[in-house]
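All remarks here apply to the structure that follows.
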Amino acid sequence: MKNFLKFLISHSKSYGFIFPSNEIYGGINAIYDYGQYGIELKNNIKEFWWKSMTQLNENIVGIDSSILTHSNVLKSSGHIDEFKELLVYNKNSKKKYQVHLLIENHIKKFFKNDNEQINKILIRLNEYFKKKDTLNIINLINELNIHDPISGNKKDKIWTNIHFMNMMFEIKNSKNLFLRPETAQGIFCNFINVQKSSRMKIPFGIAQIGKSFRNEIIARQFLFRLREFEQMEMQFFINPKEEKKWYKYWKNIRLKWHNSLNLGKNKYRLIDHKNLAHYASLGVDIEFNYPFGFRELEGIHSRRDFDLKKHELFTNKKFIINNNKKVKYTPYVIETSLGLDRLFMAILSSSLKEEKLDNGKKRTILKIPPCLSPVKAAILPLVKKDGIPDIANKIFHNEKINHNIIYDYKDSIGKLYRRQDAIGTPLCFTVDYKTIENNTVTIRYRDNMNQERIHINEISNKIELETGLKNILKKLLNN
RNA sequence: GCGGAAGUAGCUCAGUUUGGUAGAGCUUCAGCCUUCCAAGUUGAAUGUCGCGGGUUCGAAUCCCGUCUUCCGCUCCA
C-alpha cells in the first residue's frame, strides 16, 4: 500500500491535481498546492457539500468569516489554554521534547519487557496529565533519572519546567491575532447576526467552508494531516432537550451523504470518540479507508452550549433563545466537521485504478464520481483531416458555456481517450465521418469504454444527465 | 523529535560497487500516416546529477559537511 500512495502522489502531480508547495525552493513538508484539475475537483466537492447543506435545508445558511481571529475569541473558546502540547527542554543540550514521549520512550527502553513496571508509570503519568499536574510530571522525569536521549550525554539530566506549545499560529507582528484553528468560532461569533438577520428559529444551522491552521507536531500522509487545511463545517443550533435526537440525526445524514458518492460502503466506518476535545460531550468520527488504513474524515460532535456560554460570559452578550417567554435557553450545538482535503484524498485514492485490458495493456483511470469530475466531457476528432477537427471544435465552443469540457486533437484517438481517463473525464464525444453525414457522434463512457451514437443536439443534455450535480442532490432528498 | 527511505529531464527510474563526454522508457513539442482505445513513422526539446567544500589531471560516482522531501509513531479535520 506504501507503493500505492507513491503512485497516487506521482499521478496527482503528473496530471495537475496536487503539486508540492514552494517546490522550486525545495518545498515545505506537508504543504501542497492544488493544480488545474485539483482545484476543479475541490470546487466541485465544495459545491456539492454547500448545496446539500444550504440549498436542501431551508433552515441552514452559510457564511464566510475571517481567518484572522481576535485572541479573545480563542481565549473564550478555550483554544489558548487547552489547545496545546506539553513540552520540556533539556537545560544542557537545549533540545525540546514532548513530555509524554520523552517519558514513554525512556521507560520502554529502561524496563524493556517489564510491562508491569511500564504500566505502573504510565498510569501515574496519565493521572498527572489529566490533572495538569506539571509539578509531579517534572518530578517523575527526575525520579526516573532521564537524560537527554539525543545528546546521549548522561550528564544532561537537568530539565526545565513544563512548557506549553500552543497548536495555533499567532500573527507575531500584529496585536492579538491568530490564524483560526477551526472555522467554528467564526460561526459562533456570528450567531446573533445570522439569527437576527435571517429570523431563523431553532433548530437551524450555519455552514461554512474555509481554511484553518494548526501547528501540528507532525504533519504527514500526503493531504491527510496538513498545517494549512480546509474545513467544511456546519453548526446546528438546537433545543438542549433534543441533543441526542439531533446528534443521531446528523450522524445518519452525514453517513448517507458520504455513501451517495458511491466510493463503497465498506470504505466507511463509525468510531465513537473516547478522548473528546475540550469542547465536546458526544462525538463520533466517520472514518475512511485510506491507502494507509482507516482514518478520520469527518467528526460529528455535540458541543452543547460550551462555546455560546463562554462567549456570553466573556462578552456580556446574550445568546438566549426566547420562545414566547415560556422557554429560555442557550442553544446546544451539534457540529458536523469535514476535512475538505481529506475528502479530496479519499475520492482520489479510491478512484485511482490501474486496469488490465484484454489486449494485455494497462489503463490508468480515475473513476471519480462523475458529478465531481474536474472535466465533464471531452470533444475529440477521430482523425486530424477532412475538416473533422473543425466540426469538433465548433461543438466544443457551442457547449463550453454549459459545462466544463475539453477539446483535444493531438495524437491518436486511443491516446486521447486515455488522457481523459487519467484525469477522470466521464464522457468523450468523438466526431467522425458519420458526423458529416447525419450529425451524430460517438459517446464513449469512461468506466466501461462502451460506445454508442447520439445526435449532436443531445450532447448537452447527455452531459447534464450523466455528470450533473442535480442527480445526486435529488438522491439525497429522496432518502 | 526518533526511526526508515530517497534526492539525476515534466513523470518513473538506470548509471555510483570499479571516477573518464549525463542515459532509457513514458510524457511534451513539430510533421507524416491513420475511420475508435497509450497504434505506426520522422524529427526535436528537456538537466548546476539537492547544495557547499575537499581529494583528483578529471567527481553524478570517493571523503566531509549541509539542506530538503517522502513514509512510520504521538495530536486532529
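Each chain gets a letter, A, B and so on, in the order its sequence line appears, and its residues count up from 1. These numbers were taken from a predicted model, which means no experiment stands behind them.
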Test of ring centre spacing under 6.0 Å for A/Tyr34 and A/Phe344: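 Ring centres of A/Phe344 and A/Tyr34 closer than 6.0 Å.
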
is_close_aromatic(A/Phe288, A/Tyr268), centroid dist under 6.0 Å: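 For A/Phe288 and A/Tyr268, the ring centres are under 6.0 Å apart.
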
Taking [M] as the reference, what is the distance to [N] when you measure between their [atom1] atoms (whole Å, please)?
{"N": "B/rU61", "M": "B/rU16", "atom1": "P", "answer": "12 Å"}
{"N": "B/rU55", "M": "B/rA14", "atom1": "C1'", "answer": "27 Å"}
{"N": "B/rU12", "M": "B/rG7", "atom1": "P", "answer": "11 Å"}
{"N": "B/rU8", "M": "B/rG50", "atom1": "C1'", "answer": "10 Å"}
{"N": "B/rG19", "M": "B/rU56", "atom1": "C1'", "answer": "9 Å"}
{"N": "B/rC49", "M": "B/rA60", "atom1": "C1'", "answer": "4 Å"}
{"N": "B/rG4", "M": "B/rA24", "atom1": "P", "answer": "36 Å"}

Carboxylate-amine/guanidinium proximity below 4.0 Å for A/Glu233 and A/Arg180: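 Between A/Arg180 and A/Glu233 there is no salt bridge, as every charged N stays at least 4.0 Å from the carboxylate O atoms.
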
For [X] and [N], give me the distance from atom [atom1] to atom [atom2], rounded to whole Å.
{"X": "A/Lys6", "N": "B/rG4", "atom1": "NZ", "atom2": "C1'", "answer": "13 Å"}
{"X": "A/Phe19", "N": "B/rC11", "atom1": "CZ", "atom2": "P", "answer": "10 Å"}
{"X": "A/Asn29", "N": "B/rG1", "atom1": "CG", "atom2": "P", "answer": "11 Å"}
{"X": "A/Arg363", "N": "B/rC37", "atom1": "CZ", "atom2": "P", "answer": "13 Å"}
{"X": "A/Leu340", "N": "B/rA77", "atom1": "CG", "atom2": "C1'", "answer": "10 Å"}
{"X": "A/Phe17", "N": "B/rC11", "atom1": "CZ", "atom2": "P", "answer": "17 Å"}
{"X": "A/Tyr409", "N": "B/rA38", "atom1": "OH", "atom2": "P", "answer": "21 Å"}
{"X": "A/Asp411", "N": "B/rC32", "atom1": "CG", "atom2": "P", "answer": "14 Å"}

Under-4.0 Å side-chain N/O to phosphate OP1/OP2 contact, A/Lys385 with B/rU34: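 Yes, such a contact exists.
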
Distance test, side-chain N/O of A/Ser10 to OP1/OP2 of B/rU12, below 4.0 Å: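 Yes, within the criterion.
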
Is [X] touching bases, backbone alone, or none of the nucleic acid, heavy atoms closer than 4.0 Å?
{"X": "A/Ser14", "result": "sugar-phosphate"}
{"X": "A/Gln451", "result": "base"}
{"X": "A/Gln231", "result": "sugar-phosphate"}
{"X": "A/Glu233", "result": "nothing"}
{"X": "A/Ala30", "result": "sugar-phosphate"}
{"X": "A/Lys361", "result": "sugar-phosphate"}
{"X": "A/Leu297", "result": "sugar-phosphate"}

Strand RNA chain B as a dot-bracket string - pairs counted if Watson-Crick or G-U with both distances under 3.5 Å, | where the partner lies in another strand: ((((((((.[[[[.)....(..]]]].(((((.......))))).....[[[[[..)....]]]]])))))))....

Geometric class of the A/Trp250/A/Phe236 ring pair [parallel <30°, tilted 30-60°, perpendicular >60°]: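 A/Phe236 vs A/Trp250 ring planes: perpendicular.
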
Parallel, tilted or perpendicular: rings of A/Tyr290 and A/Phe224 (30°, 60°):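 Because their plane-to-plane angle is over 60°, the rings of A/Phe224 and A/Tyr290 count as perpendicular.
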
What nucleotide, of [options], holds the atom closest to the side chain of [X]?
{"X": "A/Gln221", "options": "B/rA77, B/rG72, B/rC37", "answer": "B/rG72"}
{"X": "A/Thr364", "options": "B/rA39, B/rA38, B/rU35", "answer": "B/rA38"}
{"X": "A/Leu382", "options": "B/rA39, B/rU35, B/rC73", "answer": "B/rU35"}
{"X": "A/Arg220", "options": "B/rG1, B/rC37, B/rG10", "answer": "B/rG1"}
{"X": "A/His301", "options": "B/rA77, B/rC36, B/rA38", "answer": "B/rA77"}

Under 3.5 Å, which N/O atoms of the protein pair with N/O atoms of nucleotides 23-27 of chain B?
residue, atom, partner, partner atom, Å
B/rU27, OP1, A/Lys415, NZ, 3.4

Quick check: closest heavy atoms across [X] and [Y], and the distance to 0.1 Å?
{"X": "A/Leu372", "Y": "A/Leu261", "answer": "CD1-CD2, 3.6 Å"}
{"X": "A/Leu74", "Y": "A/Pro181", "answer": "CD2-CD, 3.7 Å"}
{"X": "A/Ile443", "Y": "A/Leu427", "answer": "CD1-CD2, 3.9 Å"}

RNA chain B: 5'-proximal contact among A/Leu416 and A/Glu23 (nearest heavy atom):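 Here A/Glu23 is the residue nearer the 5' end.
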
Upstream residue (5' side of RNA chain B) when A/Phe222 and A/Arg227 are each assigned their closest nucleotide: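 Nearest-nucleotide comparison on RNA chain B picks A/Phe222.
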
Option passing salt bridge (Lys or Arg N to Asp or Glu O under 4.0 Å) with A/Glu287 (candidates A/Arg342, A/Arg269, A/Lys267, A/Arg295):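 Testing each of A/Arg342, A/Arg269, A/Lys267, A/Arg295 against A/Glu287, the sole residue satisfying salt bridge (Lys or Arg N to Asp or Glu O under 4.0 Å) is A/Arg269.
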
Table of protein N/O atoms under 3.5 Å from nucleotides 65-67 of chain B N/O atoms:
none

Pairs touching residues 16-41 of chain A that satisfy salt bridge (charged side-chain N to carboxylate O under 4.0 Å, His left out), sequence neighbours left out: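 As it turns out, the salt bridge (charged side-chain N to carboxylate O under 4.0 Å, His left out) pairs with a partner in residues 16-41 of chain A, which skip direct neighbours, are A/Lys13-A/Glu23.
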
Within residues 434-449 of chain A or reaching into it, pairs that qualify as salt bridge (charged side-chain N to carboxylate O under 4.0 Å, His left out) - sequence neighbours excluded: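 Output for this query lists A/Asp421-A/Arg444.
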
Trace of the salt bridge (charged side-chain N to carboxylate O under 4.0 Å, His left out) decision for A/Arg453 with A/Asp432: CA-CA 11 Å; A/Arg453 288 202 83 85; A/Asp432 57 16; 3.0 Å; yes

Heavy-atom donor-acceptor pair, A/Gln420 side-chain to B/rA38 base, under 3.5 Å: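 In this structure, the two groups form no donor-acceptor pair.
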
Distance-only donor-acceptor test, A/Ser212 side-chain atoms vs B/rA77 base atoms, 3.5 Å: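 Check fails, no donor-acceptor contact within cut-off.
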
Is_stacked (A/Phe229, B/rA77) at 5.5 Å, 30 deg: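 Ring-base stacking flag set for A/Phe229 and B/rA77.
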
Members of residues 425-447 of chain A that approach RNA chain B, where some heavy atom sits under 4.0 Å away: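 Correct list: A/Thr430, A/Asp432, A/Tyr433, A/Thr442, A/Arg444.
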
Steps toward ring-ring contact (aromatic ring centres under 6.0 Å, His included) verdict (A/Phe222, A/Tyr32): CA-CA 8 Å; A/Phe222 199 29; A/Tyr32 294 93; 5.1 Å; yes

Modelled atom types, side-chain donor and acceptor of A/Asp386 and A/Tyr433, under 3.5 Å: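 Yes, side-chain donor-acceptor contact under 3.5 Å.
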
Donor-acceptor pair between A/Thr336 and A/Arg254 side chains, under 3.5 angstrom: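 Absent: no donor and acceptor within the cut-off.
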
Straight-line distance of A/Phe237 CZ to A/Trp246 CH2, nearest 0.5 Å: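 Answer for the CZ-CH2 pair, A/Phe237 versus A/Trp246, is 14.0 Å.
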
pair A/Phe429-A/Ile405: side-chain heavy atoms closer than 4.5 Å: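 Answer no - side chains too far apart.
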
